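Notes for the one structure printed next.
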Protein chains: 4
Amino acid sequence: MQFNEQKSIYLQIADYICDKILDGTWPDGQRIPSIRDMAVQLEVNPNTVTRTYTMLLDEGTLQNKRGIGYFTGDDARRMVLEKRRNQFVEQDLPALFKTMVTLDIGVGQVGELYMKYLEEQNHEDK
Amino acid sequence: MQFNEQKSIYLQIADYICDKILDGTWPDGQRIPSIRDMAVQLEVNPNTVTRTYTMLLDEGTLQNKRGIGYFTGDDARRMVLEKRRNQFVEQDLPALFKTMVTLDIGVGQVGELYMKYLEEQNHEDK
Amino acid sequence: MQFNEQKSIYLQIADYICDKILDGTWPDGQRIPSIRDMAVQLEVNPNTVTRTYTMLLDEGTLQNKRGIGYFTGDDARRMVLEKRRNQFVEQDLPALFKTMVTLDIGVGQVGELYMKYLEEQNHEDK
Amino acid sequence: MQFNEQKSIYLQIADYICDKILDGTWPDGQRIPSIRDMAVQLEVNPNTVTRTYTMLLDEGTLQNKRGIGYFTGDDARRMVLEKRRNQFVEQDLPALFKTMVTLDIGVGQVGELYMKYLEEQNHEDK
DNA sequence: GTGGTCTAGACCACC
DNA sequence: GTGGTCTAGACCACA
């Protein structure tokens, strides 16, 4: 996996896991790869994965059954969705709007770029 | 000046300077406060300001006359504008779009929130 | 390590590292000493080494794996060679030539001095 | 006048003056511009010119007649020539030779570049 | 363990 | 006065 340089790796792993939960790859209560497997797969240090799992455990996004492994939480999908929605509306959007004002970029232009984006995604999926 | 905890101080100072350049407070080629003055004004260590100035010097946003002081670059405003625009179009927007798709939020809703944002700004300015 | 007084220490450390890369001591992609180790070894402050490493990182001569350490770049040797060659051909030689003209010293004399230099080096190596 | 960023301005002014002495523009004992005039002409701070003049005064390259002005020394040309020759043979050349060895550049290549250099100079002079 | 950042304070060359 | 460099020491996030 390719990691962004501007964000901690353990947080990027958390995003990766939440993506899987959101898109249905890992339904609520599903077992997820062990720390060791995940570390091998993502080519990172096991300590880094541990850090991610611990954080998501504290949030309730993951649960741990001793000696068996890690599982998604029983209400994981809803929680992730809500967390992201809050983050989006309260943090990301205001910052974005501020930039739009500074750069004098209107909603119209953003809308056009969005259409272009959706098109590109479609092409890639095919 | 109040600094955000999530971003390095020296980067926030850089943003602060670029804001000044963008809004016309410091036109192209204008002298800006000396390292010491800026440090006193922002209540940070001179070394931290030095770091910011050096970075912006390397970028070309600032220039430097020995023994005299730092000045905004001869083409500073355009450079900052372009830098921010690129950042917005190539980094911020794609991230936004990805989130919109994941959270199933449409352009319409974002547009409404934008209107609300502009309104709030208006109230604050009054 | 002994440092020259006429040049900044951090630049001399950079030269030192580039020498190691050029002579094959540190092949491309090789891990180099940590900032702390290098600082102890060269008897300078870690901040000074940090400054060197950061500069070479920006150039691409070094690369960096978070939490692990610094490494020579994947194409470090070629880059250093080219950088030095450019410096030589575009800066050093023209300055030399200008002086030769001013002082009315011909290629022949320089050639003789070069031979003498090579001889001396030979004696020292033995 | 355009100044190099890597060398102090006052030293570059000294070089400029020595060049004038060497090429005969200012013969031995000739009056040279006042500090104020030189500063205006070179677009630098008078203090900087003062520093240059003082240094050259100490060396004997310049002399000062109180209330009248600055003059080249009575033996200025020979002194400058000797100073430069020593600098060249004892400092510049060895450094250059070392680089040549490192970069594996031979006398032959340098000779060719020298011919090219002389040619370019000829074109520029015409 | 690693690097990244920040502070405090000092000295220097330079304009 | 200006910036450039260096030291000392500290704290933090990260792997």
Side-chain angles (χ1 to χ4, degrees), chain A residues 3 5-14 35 39 42-52 54-55, chain B residues 3 5-13 31-39 42-55 57 62-71, chain C residues 3 5-13 31-39 42-55 57 62-71, chain D residues 3 5-14 35 39 42-52 54-55:
Chain A
F3 293 103
E5 302 243 326
Q6 291 168 23
K7 204 171 173 179
S8 312
I9 292 179
Y10 84 98
L11 289 176
Q12 294 182 59
I13 298 175
I35 289 181
L42 301 180
E43 294 176 321
V44 297
N45 191 301
N47 288 332
T48 309
V49 178
T50 304
R51 186 159 184 182
T52 304
T54 305
M55 185 186 72
Chain B
F3 293 104
E5 299 225 336
Q6 292 169 23
K7 204 171 175 178
S8 312
I9 292 179
Y10 83 97
L11 289 177
Q12 295 182 57
I13 297 176
R31 175 148 188 235
I32 67 173
S34 75
I35 291 181
R36 286 167 176 81
D37 287 351
M38 186 69 99
L42 302 181
E43 295 177 318
V44 298
N45 188 289
N47 285 333
T48 307
V49 177
T50 299
R51 187 162 185 185
T52 304
Y53 279 23
T54 305
M55 188 187 71
L57 188 66
L62 293 184
Q63 57 182 322
N64 176 324
K65 296 183 189 164
R66 285 184 292 183
I68 303 179
Y70 276 88
F71 299 71
Chain C
F3 292 104
E5 300 224 335
Q6 292 169 23
K7 205 171 173 178
S8 312
I9 292 179
Y10 82 98
L11 289 177
Q12 293 183 57
I13 297 176
R31 172 146 191 239
I32 68 173
S34 74
I35 290 180
R36 286 167 175 81
D37 287 352
M38 187 68 97
L42 301 181
E43 295 177 318
V44 296
N45 189 286
N47 285 334
T48 307
V49 177
T50 300
R51 186 162 185 185
T52 304
Y53 279 23
T54 305
M55 186 187 70
L57 189 66
L62 295 183
Q63 56 183 322
N64 176 325
K65 296 184 190 165
R66 283 185 292 185
I68 302 179
Y70 276 88
F71 299 72
Chain D
F3 293 103
E5 302 243 325
Q6 292 166 24
K7 204 173 173 178
S8 313
I9 291 179
Y10 84 98
L11 289 177
Q12 294 183 58
I13 297 175
I35 289 180
L42 301 181
E43 293 176 323
V44 298
N45 189 301
N47 288 332
T48 309
V49 177
T50 303
R51 185 161 185 181
T52 305
T54 305
M55 186 186 72

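Lettering of chains follows the sequences in order, A, B, ..., and the numbering in each one begins at 1. Quick caveat: nothing in here was measured; it's all calculated off a predicted structure.
- Lys7(B) pairs by the salt bridge (charged side-chain N to carboxylate O under 4.0 Å, His left out) definition with Asp15(B), not counting sequence neighbours.
- Side-chain contact between Leu11(B) and Met55(B) is present, with at least one heavy-atom pair separated by less than 4.5 Å.
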- Item | Evaluation steps, side-chain contact (heavy atoms from CB on, under 4.5 Å), between Met38(C) and Tyr53(C) | CA-CA 10 Å; Met38(C) 187 68 97; Tyr53(C) 279 23; 3.2 Å; yes
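- By the side-chain contact (heavy atoms from CB on, under 4.5 Å) test, Asn45(C) pairs with Asn47(C), Thr48(C), sequence neighbours left out.
- In this structure Tyr10(D) satisfies the ring-ring contact (aromatic ring centres under 6.0 Å, His included) test with no other residue, sequence neighbours excluded.
- Evaluation of the side-chain contact (heavy atoms from CB on, under 4.5 Å) rule for Arg36(C) yields Ser34(C) as partners, not counting sequence neighbours.
- Rounded to the nearest 0.5 Å, atoms OG1 (Thr52(C)) and CG (Leu62(C)) are 9.5 Å apart.
- To the nearest angstrom, C1' of dA15(F) lies 14 Å from CD of Gln12(A).
- One finds the OG1 atom of Thr50(B) at 7.0 Å from the OH atom of Tyr70(B) (value rounded to the nearest 0.5 Å).
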- Task: Whenever both distances are under 3.5 Å in a Watson-Crick or G-U wobble pair, mark it; put DNA chain F into dot-bracket that way, with [ ] for crossing pairs and | when the partner is on another strand.
- Result: ||||||||||||||.
- Query: What string of B, S and - do you get for nucleotides 1-7 of chain E, 5' to 3', if B is base contact, S is sugar-phosphate-only contact and - is no contact with any protein heavy atom under 4.0 Å?
  - Reply: BBBSBBB
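- To the nearest angstrom, C1' of dC15(E) lies 10 Å from CD1 of Ile13(D).
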